[in-house]
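Below you'll find the structure, written out as structure tokens, and then a few comments.
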Amino acid sequence: MRKLLIFSLIFSALTVNAQQAITNIQGRKTQSLNGKWKYIIDQYGTGAIGFSPLYENKKPVDKSDRVEYSFDQAQSLWVPGSWNAQKDELYYYEGSIWYRRMFDFTPQLKNSRVFIYVGAANYKTDYSLNGKKLGTHEGGFTPFSFEITDLVKEKDNFLIMGVSNRREADYIPGLVTDWYNYGGITRDVMIVEVPQNYIDDYTISLRKETATAKEKVIDGKVALTGKNIPSEATVEIPELGLSQVVKIDADGNGTFSFKSKNVSLWSPENPKLYVLNIKAGEDQLTDKVGFRSIETRGKQIFLNGSPIFLRGVCIHDENPLRADRANSVDDAKLILGWAKELGCNFARLAHYPHQENIVRLADEMGILLWEELPLYWGINWKSEAVLENAKRQYSEMIRRDKNRAATIIWSIANETTPGDARNKFLGSVADYVRSQDPTRLLSAACKKDLAVDGHPDNDYMVSDPIAEKLDIVSFNEYIGWYGGAPSESRKKNFIVKYDKPVIISEFGGGALEGFHADSTTRWSEEYQEYMYRENIDMFVRVPGLSGMTPWVLADFQSPLRQLPNVQDGWNRKGLVSEKGRKKKAFYVLQNFYKQKAAEYQAPKK
Ligand code: GCB
């Protein structure tokens, strides 16, 4: 027994982290594995080792055989979906659950390579096929893949995934967050087939210097992988009449550039997407991409060469009506529909990578996006392993979303306190993200300080040293909710140390939808409404104000929020309730955004 345990421990230490997800999953031939999966609770987290290695899917060979579990007789959970939302007894569960999915497989392509694609599983996943352990993935919000070509059979395959949503100090996020720790396989799972040599990755974007020129330049890269990589790939944008044969080097990489006088630039007013085809050997992929530029000059943000004000709102990746993680196009439509009604041209996808459906829908609807990783509150800044984990999760998010015109900002952190270890860690993340994607802007939701050195008492200073490395200075500010009355806002001024544009990345306060009182009564819609008015009046005085994303679009579940009859497990700072009803403050923001939209002309095409 001890020997077995030691062997298992060595074995599990040898398993590698999952590989990067197959790119553009929506453009691939896939077979869905969504649906009912059998599950076994593994509260002590021993399913990969010890006397019940659940990934083996054992069954007694005869009547005297001892096997102390059975997937066959177990209950089912629906994938995608958190376990918390599906079973009352799992609502508060934090630990491991082992999922099993049986499937038959008929290849659709000749001589293909076969992968499993997982949209996301929170937080750590051990995966195996037909009893063979294949690896582990860490990170609850980014996709991953693993190859099963040599293991998959025509009949009776068993895919087993042990998912743990245990919280640990060395994870990203750390131990405490103000959102619900939904566990399980929260996004789609699919089988993907690709040819032996296939398109592993590609990047395409408008060269920003040409945004205002008659003739635009579109630059791109293609990366192929396999044992016999073709020496050429073809890239086409049929609607623009563009086609190019790209030379591929021995490592599988090639670059291309197109010139065109006919490009209609992507913007919130004109979310124009073009079909993109890439072919290489037996592989071919189709995507829909938009072309736009984004840059800053002094204290302003420019989209396609014109100044823009980002009329935004913060969003959690949750459908409040179902009280679960969002995981479908319908969920994305509900959420972005509210944002559009509010008058938004921008949304902050807080505080972790959201489902890909919402990013793609934003591309179609013309909503600009800020995306971020859960480098939030208590992160272990001193650990090299945590830094590596952050970079890996970042690379997974960038790989998935880098061809979306909607995404304009990568944010590297939320409300973290400056200090040597933190500054070094985030500095390294900022350099890394920029090296992976030099075309987008960097920001972080920082905190303000009281201004000292001769400034009046009512002045605040935004001087977080990490902002040196960022393009946009953003900060969260809750005057009127966490400090002072809403009317305090009138006295406050902000001094921003940097000559950069500013986004107010959060402000807001709670209201119980349907509770009406005067504007000094906490939790009333009137309090929240008044606070929005006062806060907006204060923030328009911030030098360089280029956008805002109030906290938050809709009420969301959080274990930190337990005030009976008011919160009942929900953070009530939503402008829309968990029933989908709008609160009074919704209309204050909507009016402000109407004014802002009128002030700023539509960016030039
Ligand atoms: C914050 C956090 C956000 C919280 C919010 C609140 O500063 O960034 O995650 O939910 O405040 O409601 O207090």
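- Qualifying side chain to side chain donor-acceptor pair (under 3.5 Å) partners for Trp266, counting only residues two or more places apart in sequence or in other chains: none.
- In this view, Phe556 and His316, Trp551 satisfy the ring pair (Phe, Tyr, Trp, His ring centres under 6.0 Å) rule, not counting sequence neighbours.
- Gln86 approaches Ser82 most closely through the heavy-atom pair NE2-O, 3.1 Å.
- A salt bridge links Arg572 with Glu578: at least one charged nitrogen is closer than 4.0 Å to a carboxylate oxygen.
- Applying the 6.0 Å contact sphere to NZ of Lys208 captures no more than 12 heavy atoms from other residues, nucleotides or ligands.
- Results of the side-chain contact (heavy atoms from CB on, under 4.5 Å) test with Glu371 over Arg400, Arg348, Arg440 single out Arg400 as the only residue that passes.
- Within a 6.0 Å sphere centred on NZ of Lys340, other residues, nucleotides and ligands contribute more than 12 heavy atoms.
- Note on Arg561 versus Asp178: salt bridge recorded, some NZ/NE/NH1/NH2 to OD/OE distance being below 4.0 Å.
- Evaluated for a side-chain hydrogen bond (donor to acceptor under 3.5 Å, both in side chains) with Thr203, the options Lys221, Arg399, Lys402 yield exactly one hit, Lys402.
- Tyr182 pairs by the side chain to side chain donor-acceptor pair (under 3.5 Å) definition with Glu318, Gln557, not counting sequence neighbours.
- A side-chain N or O of Gln20 and one of Ser395 form a donor-acceptor pair less than 3.5 Å apart.
- Across all non-hydrogen atoms, the minimal contact from Asn403 to Asp363 is O-OD2, 4.4 Å.
- The CD1 atom of Ile409 sits 9.0 Å away from the CG atom of Asp471 when rounded to the nearest 0.5 Å.
- Considering CZ of Arg360 and CD of Gln26, their distance stands at 4.5 Å, rounded to 0.5 Å.
- Nearest heavy-atom pair across Gly574 and Asp555 is N-OD1, 2.9 Å.
- Remark: Thr417 pairs with Lys447 by the side chain to side chain donor-acceptor pair (under 3.5 Å) rule, at least two apart or across chains.
- In terms of heavy-atom proximity, Pro307 sits nearest to Phe302 at N-CD2, 3.5 Å.
- Here Thr125 pairs with nothing under the side chain to side chain donor-acceptor pair (under 3.5 Å) rule; sequence neighbours left out.
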Which pairs of donor and acceptor atoms, one on a side chain in residues 294-301, lie under 3.5 Å apart (sequence neighbours left out)?
{"unit_1": "Lys299", "atom_1": "NZ", "unit_2": "Tyr498", "atom_2": "O", "d": "3.3"}

